[in-house]
Participant: 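Pasting a structure here, questions to come.
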Amino acid sequence: MAKADIEPFFARLAAANPEPETELDYVNTYTLLVAVVLSAQATDAGVNRATRRLFQEVQDPAAMVALGVEGLKAHIRTIGLFNTKAENVIALSKALIEKHGGEVPADRDALEALPGVGRKTANVVLNIAFGEETCAVDTHIFRVGNRTGLARGKTPLAVEKGLMKAIPQPYRRHAHHWLILHGRYVCKARTPECWRCTVSEYCRFTPKTVIRGVSGD
DNA sequence: ATCCCGAGGG
DNA sequence: CCCTCTGGAT
């Protein structure tokens, strides 16, 4: 993307959605962290379906530890990777109690030290719960960054660094959600809907052959 | 590079 | 059937 197009690109996404929010359901910072961990390689809708009941019973680390691994599995069995996620969420909850007084730390290194929490999850929590100007690069943002040319890269970290450098103020705070929602509903992996994309004039990407799902990237 | 892994869509 | 979904640990 041409440098001059970056500002209008975000201005247009911002105009359509001034205060974008996560579509994950949560009731406090702890449940946000849990929901984000559960969302790995899963849809928000699927996570919300499972956490609706879970978060009625459990809203803090102590209650989660009391529920236990098997108890948690019973709630999240419909989510992919549920065995690993259940182990991680219980271990993570114990770590919060033992090392952070039962609170979610507002610190990248402390977050990434938690079981099942990597850079992407830490970035989401830092952005939503603590207001930091992070840009978590998930599958959507990795794809949108590369297609638009906002920030190309072979790894999520490379794309994240490129985005942080490319995105101007005042767009850094919400860029994460604008890009993810754009990727989820318009710049879709299999069938990007360029014909109704509001920022296509700033983007060179065109799906080559839509036959058999070859989208061209 | 591989494994983990259910639900929904095409 | 195959692909995708707000990844992380080994």
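Since the model is a prediction, treat every value here as computed from it, not as a measurement.
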Participant: Count the heavy atoms of every other residue, nucleotide or ligand shown that sit under 6.0 Å from CZ of A/R77, and state whether that count exceeds 12.
Facilitator: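 Above 12, so yes.
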Participant: Between A/R173 and A/E132, does at least one N-O distance fall below 4.0 Å, as a salt bridge requires?
Facilitator: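 Not counted as a salt bridge, because no side-chain N and carboxylate O are separated by less than 4.0 Å.
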Participant: Take atom C1' in B/dC5 and the same atom in C/dC2, then report the distance between them in whole Å.
Facilitator: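 These two C1' atoms come out 16 Å apart once rounded.
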Participant: Think A/R143 has a side-chain N or O under 4.0 angstrom from the OP1 or OP2 of C/dC5?
Facilitator: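 For A/R143, the contact criterion (side-chain N or O under 4.0 Å from OP1 or OP2 of C/dC5) is met.
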Participant: Map A/L114 and A/I141 onto DNA chain C by nearest heavy atom, then report which one ends up closer to the 5' terminus.
Facilitator: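 So the residue in question is A/I141.
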Participant: Can you confirm whether A/T206 sits close enough to A/C194 that some side-chain heavy atom of one is under 4.5 Å from a side-chain heavy atom of the other?
Facilitator: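 A/T206 vs A/C194: side chains apart.
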Participant: Think A/H176 has a side-chain N or O under 4.0 angstrom from the OP1 or OP2 of C/dT6?
Facilitator: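 No.
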Participant: Does a nitrogen or oxygen in the side chain of A/T139 sit under 4.0 Å from OP1 or OP2 of C/dT6?
Facilitator: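 No, because none of the side-chain N or O atoms of A/T139 sits under 4.0 Å from OP1 or OP2 of C/dT6.
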Participant: So which protein nitrogen or oxygen atoms get under 3.5 Å of nucleotides 6-10 of chain B's nitrogens or oxygens?
Facilitator:
residue, atom, partner, partner atom, Å
B/dG6, O3', A/T78, O, 3.4

Participant: Distance check, P atoms only: C/dT6 and B/dG9, in whole angstrom units.
Facilitator: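 C/dT6 and B/dG9 have their P atoms separated by 13 Å.
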Participant: Should the pair A/E201-A/R12 be classified as a salt bridge under the 4.0 Å nitrogen-to-oxygen rule?
Facilitator: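 Salt bridge flag = yes for A/R12 with A/E201.
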Participant: With nearest nucleotides of DNA chain C determined for A/T22 and A/E112 from heavy-atom distances, which residue corresponds to the more 5′ nucleotide?
Facilitator: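 Closer to the 5' end of DNA chain C: A/T22.
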Participant: Using a cut-off of 4.0 Å on non-hydrogen atoms, how would the nucleic acid contact of A/G118 be classed: base, sugar-phosphate, or nothing?
Facilitator: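 Counting heavy atoms under 4.0 Å across all strands, the contact made by A/G118 is with sugar-phosphate only.
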Participant: Classify A/V117 by what it touches in the nucleic acid, base, sugar-phosphate, or nothing, heavy-atom distance under 4.0 Å.
Facilitator: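 If one applies the 4.0 Å heavy-atom cut-off, A/V117 turns out to touch the sugar-phosphate alone, with no base involved.
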Participant: Testing A/V47, A/L72, A/L92, A/L38 one by one against A/K85 for a side chain to side chain contact (heavy atoms under 4.5 Å, CB included), which residue passes?
Facilitator: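 Considering A/V47, A/L72, A/L92, A/L38, a side chain to side chain contact (heavy atoms under 4.5 Å, CB included) with A/K85 is found only for A/L38.
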Participant: Nearest whole angstrom, please: distance from the P of C/dG7 to the CG of A/L157.
Facilitator: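 Atom CG in A/L157 sits about 16 Å away from atom P in C/dG7.
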Participant: Salt-bridge test for A/E98 and A/K94: reply yes if a basic N is under 4.0 Å from a carboxylate O, no otherwise.
Facilitator: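 A/K94 and A/E98: not salt-bridged.
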Participant: Do any side-chain nitrogens or oxygens of A/T121 fall under 4.0 Å of OP1 or OP2 in C/dG8?
Facilitator: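 Yes, because at least one side-chain N or O of A/T121 sits under 4.0 Å from OP1 or OP2 of C/dG8.
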Participant: Would you call A/K120-A/E160 a salt bridge at under 4.0 Å N-O?
Facilitator: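 Salt bridge flag = no for A/E160 with A/K120.
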